[in-house]
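The block underneath contains the structure these notes are about, expressed in structure tokens.
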Amino acid sequence: MTFSGGRLNREQEAAVKHAGGHALVLAGAGTGKTKTIIHRIAHLIENGVDPRRILLLTFTRRAAREMTDRLRKMVGKSADNIISGTFHHYCLMTMRRMQKDFNIAGATVIDRDDQEQLMRLARARYVEKKEVFPKAGPLTDLYSYARNTNQSRQGYLKKFTEYDEKTIGRIIKVFEDYDRRKKACNYLDFDDILFRFARVLHSSPAIRAKLRRRYDHILVDEMQDTNPLQWLILDGLRDPAKLFCVGDDAQSIYAFRGADFRNVHSFTERCPNSTVLKLQENYRSTQEILDLANWLLAESPLKYNKKLRASRGKGIRPRLIEFEDDLSEAEWIANDLLERHENGAAWKEHMVISRTGFGARAVEAELIARRIPYVFIGGVSFLQSAHVKDLLCLVRCAMSHHDLIAWMRYLTLWPKVGDVTADRMIAGMQPGKSIRDALELLRKHPDLKNESLERIVQGPEIILENMDNPAEAITRASAFLEPLLSSMYERWDKRRQDFNLLARLAERHRSLQGFLETYTLDPVNITQVEKREDEDVVALITAHSAKGTESPVCYLIRVEPGMYPHVRSLGDSDSEEEERRVLYVAMTRAKNELIVTRSLSRSDYTTFYGITDSGSTGTPYFLEGLEKNLVRMELPETGTIDDDDSDIIIPHR
DNA sequence: AAGCTCTGCTTTTTT
DNA sequence: AGCAGAGCTT
């Protein structure tokens, strides 16, 4: 990202060579944060620190991989010896290697979808069908948030929700039921991964001592997005290991997930003898781009005390372009991309940033129609599509007979098996000690007498035969499921190709468990699998996923009332303020050119749900009162837009 | 007990 | 407009 070649400036060098206690590095957008982390690790290794005693915690696996790739170029293969990954990844890996200490043998990691599924079951027990009561989705959010911020359910619900006492009592009942179900199935949800690790770390001095002895240096990226649970983990692992935490409070955009920027603000109180270092010089963007970003922050009632200065100096003023609707917006962007490409620019020099995955749809359709190569980053991954889940659930069945959700899904794929029959079969397996016992019990189950169901047991057996060969297991399982699935789904021919893709992903793994867990924690997007990373493609990306990236030309699309701040955040000033930071993050991705687009007149997004009229009356909007000289206002060249007969339809293909 | 059909609700961001 | 859940039919 930020060029890692080139010399370090004085601030960066001070951070890289910092010796002594813990350090917090406040690094504004584009100030060479990644570069500084990499150089620091290289510096440590060159000064004799054993790479295996360096722990690097990042926010996404993508970031971890990118950093180790760049580090490898500097220090060679020893880069691969540092321990790097997300908090979740690191904690899970460590707990797996110390199974006995953490008591997680045989546990299945479940993703957000499964978690919601389980919550739905728990909810059904306490809530009448038509009753007005929070749905499983929101309940899961509440449950997760309370855990990530390490507070009691009761306290959290009372303080931060509007529910009355009675409702809160019932919500907690549902949560407790969820807990029981989770335990019965031996599941670990995302939060458990952090929670269990943190709990053992703080309740078992012996294990804590053992872990603390392992590291000399712990580096943390995106510190502003860590949550209280993650802080407890860092706190438990530090000393003698030195923390080196890098962050920027103006880029904190994950509060909805429990992130707490006190982890940045209270750092020095929590870590006595620590040093705060600053990186202030922006190397990424031109001053015009930063002026706009600075203006946005200055408009905030909060005091960020941030003013980015461009070491590169002057450049092109950001453009603000207005459209009739999102279709002409998308069309214009595609045209502009094509034009730039014809003039010799590479596709990969362009990034299209959207507030929501959904909001990028029109542009995506247009890119496909115009055959512009792109990757979509963020949004729904292909691992979440129904048929892929079917296959993965079959794999999971072979790993544990307690995996209720997987078994339920697998069994009900079969004709004449609904939830009732499936329940009965699953109950029949529970006395089994091992998965093989359980399969034996299932084979004898009365419901399998039916001739068409004999083959049910074969599915998991195929997987069991190929435990050490994930790719083969996937291939065989696909063939096994095909007759069932092909009749269930439309456009089966298209879907089945995803199975080949899945097998290719599996080739990279030696154990099925590792394969499953890797992609549960960090699902891969289909376009990311298909394309090589260094391929020449336009990046279509959500603002959240864009954090930590940069691009010479950035299109910021749909910067409209209802989007920034997003309608869902309205009414809560903290959330609204977070939206400002989302926009700030998006703006500061641009190196040379920032092109802001919007369609104010007929924003179907705002009219769509609830917002009374399409005029922006009353809806707060961050670009309201934008100083004219900060951007170049434009209308797209007319032409096709006004032709009545052009009646543009986006060609789907 | 399964499976189909209709209705109503939703669409933020992600480990 | 597309999906999940409720209710109805087989």
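Values below: all heavy atoms of this structure, side chains included; hydrogens, waters and symmetry mates excluded. Here is how names work: the chains are called A, B, and so on, in the same order as the sequence lines, proteins then strands, and each is numbered from 1.
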Look at A:Ser569 and B:dT13 and indicate whether a side-chain polar atom (N or O) is within less than 4.0 Å of OP1 or OP2.
-> no
Separation of B:dT13 P from A:Phe59 CZ (nearest whole Å) | 14 Å
Rounded to the Å, how far apart are A:Glu578 CD and B:dT14 P?
-> 12 Å
Take atom CD1 of A:Ile193 and atom P of B:dT14, then tell me their distance rounded to the nearest Å.
-> 18 Å
Within a radius of less than 6.0 Å around CZ of A:Arg181, do more than 12 heavy atoms belonging to other residues, nucleotides or ligands occur?
-> yes
What nucleotide among B:dT11, B:dT14, B:dT15 has an atom nearest to a side-chain atom of A:Ser545?
-> B:dT14
So, are A:Arg112 and A:Glu116 salt-bridged, with charged N and O less than 4.0 Å apart?
-> yes
Would you call A:Lys183-A:Asp179 a salt bridge at under 4.0 Å N-O?
-> no
Could you say whether A:Ser575 or A:Leu521 is positioned toward the 5' end of DNA chain B, judged by the nucleotide with the nearest heavy atom to each?
-> A:Ser575
Could you state the atom-to-atom distance from NZ of A:Lys547 to C1' of B:dT15 in whole Å?
-> 11 Å
With respect to the side chain of A:Thr356, which nucleotide from B:dT14, B:dT13, B:dT11 is positioned closest?
-> B:dT13
A:Asp141-A:Ser144 side chain donor-acceptor pair, cut-off 3.5 Å = no
Near-strand residues of residues 247-261 of chain A, defined as heavy-atom separation under 4.0 angstrom from DNA chain B | A:Tyr254, A:Phe256, A:Arg257
SB check A:Lys389 A:Asp114 (cutoff 4.0 Å) | yes
Nearest non-hydrogen partners of A:Thr597 and A:Ile557, listed with the distance = OG1-CA, 3.4 Å
Would you say A:Thr60 reaches B:dT15's phosphate, i.e. side-chain N/O to OP1/OP2 under 4.0 Å?
-> no
When every non-hydrogen atom of A:Val174 is compared with those of A:Ala122, the smallest separation belongs to O-CB, 3.6 Å
A:Glu517 and A:Arg96 ion-paired at < 4.0 Å | yes
In whole angstrom, give the distance that lies between atom CG of A:Asn227 and atom C1' of B:dT14.
-> 12 Å
How would nucleotides 2-7 of chain B be written as a contact map, 5' to 3', with B for base contact, S for sugar-phosphate-only contact and - for no contact, using protein heavy atoms under 4.0 Å?
-> SS----
How long is the line joining CD of A:Gln230 and C1' of B:dT14, in whole Å?
-> 12 Å
For nucleotides C:dA4 and B:dT13, find the distance between their C1' atoms and express it as a whole number of Å.
-> 22 Å
With sequence neighbours left out, the residues meeting side chain to side chain contact (heavy atoms under 4.5 Å, CB included) with A:Leu302 are A:Ser300, A:Tyr304, A:Glu577, A:Arg581
Of all the base pairs, Watson-Crick or G-U under 3.5 Å, which form stems of three or more consecutive pairs involving DNA chain B?
-> B:1-10 with C:1-10
Rounding to a whole Å, what distance do you find between A:Lys135:NZ and C:dG5:C1'?
-> 9 Å
A:Asp574: what forms a side chain to side chain contact (heavy atoms under 4.5 Å, CB included) with it, not counting sequence neighbours?
-> A:Asp572
At under 4.0 Å between heavy atoms, what does A:Glu579 touch on the DNA or RNA strands: base, sugar-phosphate, or nothing?
-> base
Gap between atoms CG and P, on A:Asp113 and B:dT15 respectively (whole Å) = 13 Å
Residue-phosphate contact under 4.0 Å: A:Arg581 side-chain N/O, B:dT13 OP1/OP2 | no
Taking the inter-plane angle between the rings of A:Tyr143 and A:Tyr178 on a 0 to 90° scale, is it parallel (under 30°), tilted (30 to 60°) or perpendicular (over 60°)?
-> perpendicular
Test ring pair (Phe, Tyr, Trp, His ring centres under 6.0 Å) applied to A:Phe195 - qualifying residues, sequence neighbours left out = none
Integer angstrom distance from the P of B:dT11 to that of C:dA6 | 16 Å
